[in-house]
Amino acid sequence: MTTLAIDIGGTKIAAAVCDANDSIIQRWRVPTPMDADAINQHIADIYHQAVASGHDDIEAIGISAAGNVGADRKTITIAANIPAWINYDLSEHVGALIDHAVPVIVENDANCAGWGEYVHGAGQGSRNMVALTVGTGLGGAIVIDGRLYRGSFGMAAELGHLPMVPDGDTCGCGLRGCAERYTSGSALEHFAKSAVRRRPQDAKRLLELCGGDVNKLEGPMVSQAAQEGDVLGLYAFGKIGEWLGRTMAAVSAVLDPDLFVIGGGVVAVGDILLDPARYNYARFLEGSAYRGHAKIVAATAGQDAGLIGAANLALH
Ligand SMILES: [Zn+2]
């Protein structure tokens with residue numbers, strides 16, 4: 001028995017046939033077209049190639065998609081990157097191209113990555129886990145009593161859009177002051193750039209890394225500088241770490257999880273991000289001195305967390 005997992009990212013579609021333990025046995029990778037029909041066709045082509053190459057025991061297709069997915073686990077309510085994905089039944093569109101040979105399950109990408117961590121990564125053994133993916137934005141996944149929590153309309157765990165700052169910075173979602181404006185890869189760049197402009201005398205290393213043009217400063221450069229001990233690089237991580245901690249404290253007031261798993265590219269710096277996050281989580285947690293604290297750890301399932309999670313969720 002196998003599943004076909006599909007991860008539709010902003011730039012590439014990653015796909016994998018996974019065995020009964022969600023281990024990857026064959027992979028595909030194609031650039032993501034911006035056209036919904038072309039995406040459907042790519043997925044159908046990969047399915048047909050997988051069957052033709054001997055995987056005639058695929059029981060389901062699990063799709064991880066960057067968008068809000070309805071409670072039916074088929075329909076994309078809205079997605080930022082693909083204009084056609086408004087109340088779009090992705091399951092039906094893909095299913096029609098493969099003669100409905102197997103069920104097609106659609107899940108939000110952050111839910112897939114978080115679930116991948118829960119079943120095969122840093123979340124194993126937790127009862128109530130919250131995963132936060134610090135990428136371009138801030139993705140969330142919630143596991144309660146060992147089950148993925150999707151909410152009433154499939155819109156739970158949009159933790160990047162927790163309103164943290166009244167009338168704060170405008171967010172891509174149209175609202176203001178959302179958590180991901182202050183803790184994300186984009187926020188890291190924002191804090192670093194504004195620090196360079198305010199304190200050019202301290203910005204020698206960051207300016208060196210971006211070729212002297214602060215507008216070209218990118219997240220990986222800030223990570224490199226921080227790992228070298230650069231004061232402004234560390235400052236920028238301190239800021240997104242502080243807001244990550246505040247966000248986790250707010251989440252704890254609602255869910256009281258025993259574990260936070262932090263994923264995404266910037267977590268490669270480890271405690272440079274996690275220490276200020278842990279400090280501020282404890283600082284803003286209600287009853288902090290008298291209660292149990294959640295563990296805060298880095299994700300371990302790596303780049304494949306989304307695929308692994310999609311494969312597992314396709315059958316659960
Ligand atoms: Zn928002």
Side-chain angles (χ1 to χ4, degrees), residues 7-11 32 34 64-71 75-88 106-115 130-143 148-194 218-219 222 236-255 257 260-267 273 276-277 280-281 284 299 306:
D7 185 355
I8 307 173
T11 56
T32 307
M34 284 299 107
S64 162
N68 295 116
V69 179
T75 307
I76 297 183
T77 314
I78 185 147
N81 298 325
I82 313 291
W85 281 2
I86 296 175
N87 291 319
Y88 184 86
V106 184
E107 293 277 359
N108 167 268
D109 57 349
N111 278 353
C112 287
W115 187 251
V130 173
L132 288 161
T133 306
V134 187
T136 309
L138 180 69
I142 296 169
V143 173
L148 184 69
Y149 181 72
R150 296 185 178 86
S152 304
F153 306 99
M155 302 286 278
E158 289 293 314
L159 303 177
H161 301 283
L162 271 180
M164 297 299 289
V165 179
D167 301 323
D169 292 351
T170 302
C171 180
C173 74
L175 299 172
R176 293 176 69 178
C178 294
E180 72 174 32
R181 295 299 302 153
Y182 305 93
T183 185
S184 62
S186 313
L188 179 72
E189 286 178 18
H190 168 75
F191 284 124
K193 283 176 179 172
S194 69
E218 291 179 355
V222 185
F237 271 101
K239 291 299 282 184
I240 67 163
E242 176 189 336
W243 282 102
L244 188 57
R246 287 175 180 264
T247 303
M248 290 188 290
V251 168
S252 289
V254 184
L255 295 173
F260 286 96
V261 175
I262 312 300
V266 299
V267 179
L273 173 68
N280 285 283
Y281 162 77
F284 292 103

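Counting convention: from 1, in listed order, for ligands and their atoms alike. Each residue takes its place number in the sequence, starting with 1.
Just one residue in the list Asn111, Ile142, Leu255, Val143 forms a side-chain contact (heavy atoms from CB on, under 4.5 Å) with Tyr149, and that residue is Ile142.
Listed by first and then second residue, the ring-ring contact (aromatic ring centres under 6.0 Å, His included) pairs that reach into residues 164-183 are Tyr182-Trp243, sequence neighbours excluded.
Shown here are the side-chain hydrogen bond (donor to acceptor under 3.5 Å, both in side chains) partners of Glu189, two or more places apart in sequence or in another chain: there are none. Looking at residues two or more places apart in sequence or on another chain, you find no side-chain hydrogen bond (donor to acceptor under 3.5 Å, both in side chains) involving Thr32.
One finds the CD atom of Glu180 at 7.5 Å from the OG atom of Ser186 (value rounded to the nearest 0.5 Å). Here the CG atom belonging to Leu244 is positioned 13.5 Å from the NZ atom belonging to Lys239, to the nearest 0.5 angstrom.
Residue-and-atom listing of protein N/O/S atoms under 2.8 Å from the Zn ion (ligand 1), sorted by chain and number: His161 ND1, Cys171 SG, Cys173 SG, Cys178 SG.
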